[in-house]
Novice: 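I'd like to ask some things about the structure below.
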Amino acid sequence: MTTSTPYGPPPAFDPEAAAMLAVIAEEVPPTVTADMIPALRAARSARLPSDAELSRDGRLELVDRRVSDEVSVLVARPADLGTTAPGIYWIHGGGMVVGTNRVGIEEPLDWALELGLVVVSVEYRLAPEHPHPVPVEDCYAGLRWTSEHAGELGIDPARLIVADGTSGGGLGAAVALMARDRGGPRLAGQLLIAPMLDDRNETPSTHQMKGLGVWDRTSNETGWTALLGEARGGPDVSPYAAPARATDLSGLPPAFIDVGSAESFRDEDVDYARRIWLAGGSAELHVWPGGYHGFDAFAPQAALSQEARATRLRWLRRMLAE
């Protein structure tokens with residue numbers, strides 16, 4: 001006797017972006033287990049761009065600042081920016097277990113040059129060495145510091161947007177909840193790129209993508225278990241750890257949420273946008289057909305990737321003009 005599921009096979013990958021999957025798998029296999037974390041960290045550290053590369057031939061001025069003994073930020077500002085500017089508070093991805101504040105920052109630096117804004121990228125402590133609530137509290141501390149030091153950073157505090165990708169997207173959504181619940185800082189928006197929101201790991205898309213693409217269902221279990229330990233998937237997980245657990249999504253800043261149709265996070269991200277709408281909030285949602293997790297970073301030449309990045313830029317331009 002055969003069993004059936006309420007969903008079909010996984011969506012096909014975008015052919016142009018999928019051409020990179022074999023190359024990606026050599027460095028980041030679809031399935032990540034806890035024993036692989038040290039090697040992934042070492043490989044990522046070996047590929048970090050230098051500050052000279054990040055400065056874009058001197059067009060960007062970079063400086064590291066201390067928030068506390070535990071938390072630091074990288075501040076990037078266009079060298080020719082002479083006035084107070086909007087700010088992007090960037091939270092890097094890496095499944096809660098990998099990465100630094102130089103990871104994934106290339107796109108925010110593009111925004112800085114294109115739109116004339118300041119980027120502040122936070123260095124938060126990683127799981128499993130630092131489980132919840134350490135990562136999100138580090139990110140919130142960095143946001144408060146950025147708001148409090150907006151004048152010296154040249155940032156207009158009324159035009160400060162939190163932006164982030166993957167696990168950083170989950171942390172960014174959580175920081176937006178914290179800012180609402182703790183009385184600030186006020187955010188002008190939240191840009192969530194394929195955010196990691198739900199520790200329960202039971203949506204149809206997590207099952208469809210098992211063993212496929214980038215960051216499959218087992219990888220997701222690895223990341224959430226590193227962050228939450230035995231509490232993962234249980235009844236008492238805080239929305240500041242897993243924003244999909246939040247029961248009240250009212251009063252949040254306007255959100256931009258995008259995700260690939262062929263990745264684990266698809267359904268939790270779509271549902272998060274839906275529940276923001278139900279709470280009377282503003283959310284712009286894009287589901288990129290055939291996009292796997294991180295497709296635009298791994299295959300930036302693909303037409304789908306270029307459209308995804310152009311769409312984020314248009315949203316930022318619109319939000320910062322309001």
Side-chain angles (χ1 to χ4, degrees), residues 37 40-41 44-45 48-51 54 60-77 86-109 112 117-155 157 160-188 190-193 195-196 223 226-229 238-243 253:
I37 292 172
L40 290 172
R41 288 178 176 175
R44 182 63 62 91
S45 295
L48 285 178
S50 68
D51 282 8
L54 294 177
L60 290 167
E61 298 173 344
L62 306 177
V63 61
D64 286 290
R65 297 287 302 272
R66 298 299 312 180
V67 172
S68 66
D69 290 342
E70 297 82 16
V71 182
S72 64
V73 294
L74 172 68
V75 181
R77 180 182 176 87
I88 293 291
Y89 183 72
W90 177 254
I91 305 175
H92 72 79
M96 304 290 182
V97 297
V98 177
T100 78
N101 63 3
R102 267 95 172 149
V103 167
I105 199 174
E106 291 83 1
E107 186 177 10
L109 296 184
L117 51 80
V118 180
V119 175
V120 179
S121 181
V122 63
E123 184 81 351
Y124 59 90
R125 289 171 288 176
L126 299 172
E129 295 87 347
H130 303 284
H132 177 76
V134 173
V136 72
E137 291 290 355
D138 284 355
C139 293
Y140 181 68
L143 177 65
R144 286 192 60 89
W145 180 91
T146 299
S147 178
E148 291 165 359
H149 293 78
E152 65 184 87
L153 297 173
I155 293 173
L160 180 60
I161 289 176
V162 63
D164 28 62
T166 71
S167 59
L171 289 166
V175 163
L177 289 168
M178 283 181 158
R180 178 198 66 183
D181 297 344
R182 298 181 180 182
R186 180 185 176 277
L187 293 169
Q190 51 179 331
L191 194 160
L192 311 178
I193 303 170
M196 179 177 172
L227 185 71
L228 297 171
S238 167
Y240 300 150

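Throughout, residue positions are numbered sequentially from 1 according to the sequence presented.
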Novice: Between V97 and L126, is there a side-chain heavy-atom distance shorter than 4.5 Å?
Specialist: no
Novice: Judged by atom type as modelled, is there a donor-acceptor pair below 3.5 Å linking the side chain of R66 to the main-chain atoms of D69?
Specialist: yes
Novice: So, do W145 and L153 sit near enough that their side-chain heavy atoms are less than 4.5 Å apart?
Specialist: yes
Novice: Give me the atom names and distance for the closest heavy-atom approach of G169 to L192.
Specialist: O-CD2, 3.6 Å
Novice: Decide yes or no for L60 and V119: does some side-chain heavy atom of the first lie under 4.5 Å from some side-chain heavy atom of the second?
Specialist: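 Side-chain contact under 4.5 Å: no.
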Novice: Within the structure provided, determine whether E70 and V134 are in side-chain contact (heavy-atom separation under 4.5 Å).
Specialist: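 No, side chains not in contact.
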Novice: Specify the closest pair of heavy atoms between L62 and D51, including all atoms of both residues, with the distance to one decimal.
Specialist: CD1-O, 3.4 Å
Novice: Which heavy atom of R44 sits nearest to which heavy atom of V103, and what is that distance?
Specialist: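 Smallest heavy-atom distance, with atoms named: NH1-CG1, 3.1 Å.
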Novice: Quick check for you: to the nearest 0.5 Å, what is the distance between R144 atom CZ and R182 atom CZ?
Specialist: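 Answer for the CZ-CZ pair, R144 versus R182, is 9.0 Å.
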Novice: On a heavy-atom basis, which atom in I161 and which in L191 lie closest, and how many Å separate them?
Specialist: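 Minimum heavy-atom separation between I161 and L191: CG2-N, 4.3 Å.
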Novice: Please determine whether side chain to side chain contact (heavy atoms under 4.5 Å, CB included) holds for the pair V122 and N101, giving the CA-CA distance in whole Å, both sets of side-chain angles, and the decisive distance to 0.1 Å.
Specialist: CA-CA 6 Å; V122 63; N101 63 3; 5.8 Å; no
Novice: Looking at NE2 of H130 and CE of M96, how far apart are the two atoms once the value is rounded to the nearest 0.5 Å?
Specialist: 14.5 Å
Novice: Working to the nearest 0.5 Å, report the span between OH of Y89 and CG of D164.
Specialist: 10.0 Å
Novice: Please answer whether the main-chain N or O of V71 pairs with a side-chain N or O of D138 as donor and acceptor at a distance below 3.5 Å.
Specialist: no
Novice: Find the distance between CD1 (I91) and CD1 (I193) and round it off to the nearest 0.5 Å.
Specialist: 11.5 Å
Novice: Would you say that Y240 contacts E137 through its side chain, given a criterion of any heavy-atom pair below 4.5 Å between the two side chains?
Specialist: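 Heavy-atom side-chain distance check fails, nothing below 4.5 Å.
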Novice: Between T166 and G93, what is the shortest heavy-atom contact and its length?
Specialist: OG1-CA, 3.2 Å
Novice: Under the side chain to side chain contact (heavy atoms under 4.5 Å, CB included) test against V120, which residue among V67, I155, L160 passes?
Specialist: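 For V120, the side chain to side chain contact (heavy atoms under 4.5 Å, CB included) test succeeds with only one of V67, I155, L160, which is I155.
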Novice: Under 3.5 Å, side chain of S121 to main-chain N/O of L74, donor-acceptor pair present?
Specialist: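 Judged by distance alone, no pair lies under 3.5 Å.
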Novice: Could you report the tightest heavy-atom contact between P131 and L227, atom names first, then the distance?
Specialist: CB-O, 3.3 Å
Novice: Quick one: pull up CG in L177 and CD in Q190 and give me the separation to the nearest 0.5 Å.
Specialist: 7.5 Å
Novice: Would you say that E106 contacts L109 through its side chain, given a criterion of any heavy-atom pair below 4.5 Å between the two side chains?
Specialist: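 They are not in side-chain contact.
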Novice: If you take the centroid of each ring, where Trp contributes its six-membered ring, are Y124 and H92 closer together than 6.0 Å?
Specialist: yes
Novice: Are any side-chain N or O atoms of T146 and backbone N or O atoms of G142, one a donor and one an acceptor, separated by less than 3.5 Å?
Specialist: yes
